[in-house]
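Beneath this line is the structure, given in structure tokens, with notes to follow.
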Amino acid sequence: MALKIVKGSIDRMFDKNLQDLVRGIRNHKEDEAKYISTCIDEIKQELKQDNIAVKANAVCKLTYLQMLGYDVSWAAFNIVEVMSSSKFTYKRIGYLAASQCFHEGTDVIMLTTNQIRKDLSSPNQYDTGVALTGLSCFVTPDLARDLANDIMTLMSHTKPYIRKKAVLIMYKVFLKYPESLRPAFPRLKEKLEDPDPGVQSAAVNVICELARRNPKNYLSLAPLFFKLMTSSTNNWVLIKIIKLFGALTPLEPRLGKKLIEPLTNLIHSTSAMSLLYECVNTVIAVLISLSSGMPNHSASIQLCVQKLRILIEDSDQNLKYLGLLAMSKILKTHPKSVQSHKDLILQCLDDKDESIRLRALDLLYGMVSKKNLMEIVKKLMLHVDKAEGTTYRDELLTKIIDICSQSNYQYITNFEWYISILVELTRLEGTRHGHLIASQMLDVAIRVKAIRGFAVAQMATLLDNAHLLTGNTQRNGICEVLYAAAWICGEFSEYSMQTLEAMLRPKVATLPGHIQAVYVQNAAKLFATVLQKHEGETDSQAAQETSQLLIDRLPLFVQSANLEVQERASCILQLVKYIQKLQQKNVEVAEEVTALFAGELNPVAPKAQKKVPIPEGLDLDAWINEPPSESESEDEKPKVVFAKEEPKHYRSRHTEVDEKELARRREVRKQEQANNPFYIKASPSSQKVYDAPGVEHIPVVQIDLSVPLKVPVLFNCDLYLWLEEERQQKEKAERKKKEKKKKREKRGKGRKADSGPESEEDIRPAHQVDIVTEEMPENALPSDDDDKDPNDPHKALDIDLDKLLADSEKLPVRTHRPEVLKSPAEDRDSKSVPQETKKKRGRGGKEKKEGKEGERKRSKEEKKKKKKHKEVEEELLESQPEEAVQSEETKEAAAPPTSTSAEASDLDFWLSSAPVPPAAAQEVTAPSSAAAVDTSSAAAPESEPDEPKDTEPEDTKSSKHKKKKQKKEKEEKEKKKKKRHHHHHHHGDAGGEDSVQNGTVEEEEPLPVMYIYSLLAENSYIKMVYDIQGNHQDESKVVVSVIFENKSDSFLKSMEFNVLDSLNSKLQRPEGAGPHDSLTVPFQLPPGVSNEARFVFSVQSIVMPQKLKGTLTFIVKSDESSTHEKLDFKLHFTCTSYLITTPCYSDAYAKLLESGDLKGSSLRLEGISMPFHHLLARICFHHHFSVVERIDSCASMYSRSIQGHHVCLLVKTSVFIESKWEESSLLGNVLDEIKQTFSKC
Amino acid sequence: MIKAILIFNNHGKPRLIRFYQYFAEDMQQQIIRETFHLVSKRDDNVCNFLEGGSLIGGSDYKLIYRHYATLYFVFCVDSSESELGILDLIQNMLLFTTVCNFVMQVFVETLDKCFENVCELDLIFHMDKVHYILQEVVMGGMVLETNMNEIVAQVELQNRMEKSEGGLSAAPARAVSAVKNMNLPEIPRNINIGDINIKVPSLSPF
């Protein structure tokens, strides 16, 4: 009976499928949460059933609940169960659930590796497809590493459906496991020309995604993509390729030139807006990369702008938005062509759509001129008033400031107006940009001397009304403005002394600390000015009152919690008290007090200083010029405020030199600026003449008088507009009379003022900006690297793909025991994963550096090549056999990269080909794709008469010319490889050692470079070094890596490697070979080149060290003769070479020691003077140990032999090593070896 | 790269969510709420691109959305995707869904008349099916296939396979006539992506 009930309930439960669940939720609108919790209980019951169908149904429902925000990670194991069902229906459900809720932290993901592998190789393509799709969502570094090989195989699957998925997922694999990029890349490239459009599209997708982050590595693919672009009709593919070209052109301007023609054709012909838009975008990128000196491209710009205008005028808001977006890109390089569409942009500013307004705002930046600045800003201020939502308002605010301050206030003609605008902006409630306003105020007040009086008056008002700012908006950044206000009032106190009282109000104490500090300091400055003013007057009442005021109010600040405020306040308080005493004695102190704050202001931008490289032989401590006067006031200048400023250049003598001299200097300076890459080229006419009192040709003085001296609290910008107009009128009239006075207007010079409408440059500013533009010191080092996000996973993918593939970089081969496969370093639990990836990134970075170096080298090489173009080609004949000899193994790895590199050098030829002749271009007015194909084929034969088509690198009929190139390339590679060896054994071969080393290096002084390779044998022709590594995959095998280096001037060929096997150790020979046959070394060595070969040995017992005798035979081939040579060597298999670095956790380690299975032995090392961490590093490095724990000068270390013996080591101080091992004889040997290592050094 | 695909209705109720980057469940819900908040206050006649989702993405990411009657389709993409291309894709997605549902012979049950819109109902009750369709279009954040016919064919084949295995459960095959007056808000008029030649399989009227 009970059973029946149970069964019934099961049936009922089974009844409830996803649809029922959804319906149920919809029917329980009131108590949804409660209903769902009962559902979850049911699901939990269902998951306990054995029936997989029930489970799948439950998991399906969970997927839905996950969408609603319920955490379903508790069912992760059940999901894995459903995934492993043999039925497609259930499998699909399982993978869907997994893709929705699995992530790197999900621990059961480890269990899926084999299941996924099985599904990937399933005969049913949909099983594979479902597995790939799922994997794309939850792939982890471990999964990526273990499955990379399987996925790579799938890239050549017979079914396009699988191929395209496999290709696409490779991107995810690369991200998680950057090491797989190089081995997989040749195949990926192959897929660009897959017959199936879907696969092709996927490959384009992946490469574009990769290239977007590290474009320079993919430049060599440009010809291939070009061909695709001109032949493909799939708009998705076209868009991707065109976007990719947009990323590539900045790196290679010649590419841009080649692109313009087909792109403009596309623009003309396509009807798809998306394609049109991307074409325009890329053309813009091309034009930017070509930037200067390409007058014949103005047609392209016009075309772009024209098309964009059509987009912007479209009623579709999307097109409008994108049009504006693209327009802003043109604006950067070709402002003129955009300016003609000002009407349109201003119109967009009134659009109801915020996104469009924001875009239009961006454009405004380039639209302003001296003439319309006030007008535009007025319009923007209106928007500020109307704006709802702080984001848009803040955006407006920054834009206003950006527009006004651009190129050193180039367009501001009246700074009083600007100050008023700034003050008006402080009325904004809740803005985040108080700081920005403050720095503008400071900047203007410091730079524009003529405005200081006005600024001080304004700031005094601000301070007076400080309650407005501090009242309810204290949390907001607007109070930053007070910082500037207080500073300006104090620094330029000679203009007004009214604010002292306002600065010392009790309310000030509620301001943030750094502002209070400025208040206190500037109160002191004001005090000094007051003193000076009143000194000498018979009535010292006023001065004494001021002292009293300070003494009364300062104690408030002395109690401040802020250290800075407290310190300054107490200092100044004591000072004032002392002064008061002196005053009472009628001693004159004013001068001395003023001296505290005397001196000019020299803002120095820390950034500019940092960027100056120290030239050789420069003594930084020696004065170059007169030491600048220093003042205390500099102490209080917070760095942030001046971050954007530059050192001031005092050139007051300029005012005295005559006009000719001035013009000459200007020319020189312009020249300098033009040559200085860090100088902003579009800088305004260099108006750096200073207002010096008494220089009568500055009209400022008179005009200032027309400004009302009494300042209202709130300012009316219109007043300034009106004033400005009037001023301009006046000036115009004046100028007509005295045209010659326009000498400072460089651009206006030579042009008649009254010819036609007044050009914007003719408007003279009311105030002079007396500071140079954003100038960088000469030879400044660009440090763009800082901007890169160190956590960007794409950094690790910055790998030079043209480099030869090393053996170590091959993907791990699948075995039936994946646990053993894992390299020790990666075998840790999830805790160490972040560290692991960090390390990988580090490695990527290094490779990047190398890649750069390689690239530079290559380009040099290529130049050389071009010179040698038609030299003797004897050598070339040798390159043919050379390639043939390559063993299968290396061939597979090396051949594809060789072809890429060949293509890379072809790129130069491809790019350097003459631009498409106009005749050819005009012939084809037909549809774009056809046209483009034609042009390319027309261009190719013309420019590369003796060159095979670059798209067929594997062409066997390649010309001699090309072969030579290939060979050179190869040599280059090999050289590079040689260099890399060092890097190799530090990073590549032994991850575990690496990590340990890093661990120690980080905390202490750098380690000496250690070489893992030891000398095997050497004669006058060849040098062999070797290293023995345990094989992770097989407990009875070790891998011997031997580097052969050709020391002679001749070619070394037909190298054969042979070893006399012992009973214990045998060289692994290919099947069918006899036990005494020698192995062919799979490469030849040109002079001076080295290469690495690997040999596998099988070992039976690992307890004893062993020596194997061997010989290397080779043919030395020089120009006139070839001789047979032989070199004997002894391979020394030490016991440590059977150890594999294996990390161990301290608890596991402790257990191991407690177990008592280990036998101990100890060793005393005498006379070792190296630092302890060096000692540890050496043991780690040479003997494959890893540090388990280290306490001061005592460390426990661990390692494991390939046959699973545990070795524990306790290293005390620097001389005592105690160790434990299961095999005592082995232990003794290892200890001997350690001793030997240290006796050597 | 596509970072996320969100489909929710006019009330912000999620109908399908697909993140291509891991976010915890509560974060996902927060993102949905934020996105809904951003998107829902926009008029229908403003542009379909949106910047400034703070929770997901960053400056490089954009929200591209479409609003159909009761549903919002939102894609969060970075600059490597073509804005207009994605818009077209969304437009087609809707069509995929409906067309596929026909092909699959998955019929929506009649509920009360309160839901006259077929496409939301499709999503509500067949979220899993829609996911399977989506998987044929976008994989791991990258557009896998844009050819409508190919997608429909693959989905159909997979469903046939499921059927041959007997399906998940013998769902009550109560076919419905609600589908007849399918009220697609906007059948794409101008499909700009050239290669998608939408050949709607002849939908036999039932």
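Chain letters run A, B, ... following the sequence lines, proteins first, then strands; residues in each count from 1. Worth saying up front: this structure is predicted, and the values here are computed from it rather than measured.
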Report task. Please report the C-alpha distance between B/L89 and A/W236 in whole Å, then the side-chain angles of each, then the deciding distance to 0.1 Å, and finally whether the side-chain contact (heavy atoms from CB on, under 4.5 Å) criterion is met. Result -> CA-CA 10 Å; B/L89 190 73; A/W236 272 98; 4.2 Å; yes
Query raised in the report: Pick one: which of B/E165, B/E162, B/M161 meets side chain to side chain contact (heavy atoms under 4.5 Å, CB included) with A/K87?
Result: B/E165
Query raised in the report: Any donor and acceptor pair, going by atom type alone, linking the side chain of A/K243 with main-chain N or O of B/S79 inside 3.5 Å?
Result: yes
Query raised in the report: Given a strict heavy-atom distance threshold of 4.5 Å, which part of A/S99 is in contact with chain B: side chain, backbone, both, or neither?
Result: both
Query raised in the report: For A/I52, is it the side chain, the backbone, both or neither that has a heavy atom under 4.5 Å from a heavy atom of chain B?
Result: neither
**Report entry** Largest heavy-atom contact set with chain B, pairs under 4.5 Å, which of A/Y64, A/Y277, A/Y161, A/Y70
**Finding:** A/Y161
Requested in this report: Quick one: pull up NZ in A/K320 and CZ in B/F49 and give me the separation to the nearest 0.5 Å.
Outcome: 13.5 Å
Query raised in the report: Ignoring hydrogens and geometry, is there a side-chain-to-backbone donor-acceptor pair from A/K164 to B/L144 under 3.5 Å?
Result: no
Query raised in the report: Does any N or O in the side chain of A/Q100 come within less than 3.5 Å of the main-chain N or O of B/I17, such that one atom is a donor and the other an acceptor?
Result: yes
Query raised in the report: At their closest point, which heavy atom of B/Y22 faces which heavy atom of A/F102, and how far apart are they?
Result: CD1-O, 4.4 Å
Query - chain B contact via A/C208 - side chain, backbone, both or neither, heavy atoms under 4.5 Å - result: neither
Query raised in the report: Under a 4.5 Å cut-off applied to non-hydrogen side-chain atoms, are B/M142 and A/K240 in contact?
Result: no
Query raised in the report: Between A/S136 and B/G140, which heavy-atom pair has the shortest distance, and what is it?
Result: OG-N, 3.4 Å
**Report entry** Structural part of B/R18 lying under 4.5 Å from a heavy atom of chain A
**Finding:** both
**Report entry** Spatial distance of atom CG (A/L319) from atom SG (B/C47) [nearest 0.5 Å]
**Finding:** 10.0 Å
Query - Verdict with supporting geometry, A/K61 and B/D128, side-chain contact (heavy atoms from CB on, under 4.5 Å) - result: CA-CA 9 Å; A/K61 287 191 277 182; B/D128 50 343; over 6 Å; no
Requested in this report: Could you tell me whether A/K165 and B/E136 have a side-chain N and a carboxylate O separated by less than 4.0 Å?
Outcome: yes
Report task. Working to the nearest 0.5 Å, report the span between CG of B/L84 and CG of A/L275. Result -> 10.5 Å
Query - For the student: nearest non-hydrogen atoms of B/M139 and A/L132, plus distance - result: CE-O, 3.9 Å
Query - Choice from A/V72, A/L68, A/T63, A/D316 maximising heavy atom contacts with chain B below 4.5 Å - result: A/L68
**Report entry** B/E25 backbone acceptor or donor facing A/Q66 side chain under 3.5 Å
**Finding:** no
**Report entry** Top of B/Q29, B/Q28, B/K13 for chain A proximity - count of heavy-atom pairs under 4.5 angstrom
**Finding:** B/Q29
Query raised in the report: How far apart are the C-alpha atoms of A/E278 and B/E83, what are their side-chain angles, what is the distance that settles it, and do they pass the side-chain contact (heavy atoms from CB on, under 4.5 Å) test?
Result: CA-CA 9 Å; A/E278 296 307 336; B/E83 290 90 344; 3.9 Å; yes
Report summary line: Turns out that what part of B/L87 lies under 4.5 Å from chain A's heavy atoms comes down to side chain
Query raised in the report: Looking at CG of A/N234 and OG1 of B/T146, how far apart are the two atoms once the value is rounded to the nearest 0.5 Å?
Result: 5.0 Å
Query - Backbone N/O of B/V143 and side chain of A/N205: donor-acceptor pair under 3.5 Å - result: yes
Query raised in the report: Out of A/N318, A/V167, A/V22, which one racks up the most heavy-atom pairs below 4.5 Å with chain B?
Result: A/N318
**Report entry** Closest approach of A/S274 to B/G85 (non-hydrogen atoms, all atoms of both residues)
**Finding:** CB-N, 3.9 Å
Requested in this report: State whether the side chain of B/E150 and the backbone N or O of A/G198 hold a donor-acceptor pair below 3.5 Å, judged by distance alone.
Outcome: no
Requested in this report: Check whether A/Y321 gets within reach of chain B through its side chain, its backbone, both or neither, counting any heavy atom under 4.5 Å.
Outcome: side chain
Report task. Please test B/Q154 against A/Y126 for side-chain contact (heavy atoms from CB on, under 4.5 Å), starting from the C-alpha separation and ending with a verdict. Result -> CA-CA 9 Å; B/Q154 295 296 351; A/Y126 291 112; 2.4 Å; yes
**Report entry** Single hit among B/Q158, B/H131, B/Q135 for side chain to side chain donor-acceptor pair (under 3.5 Å) with A/R92
**Finding:** B/Q158
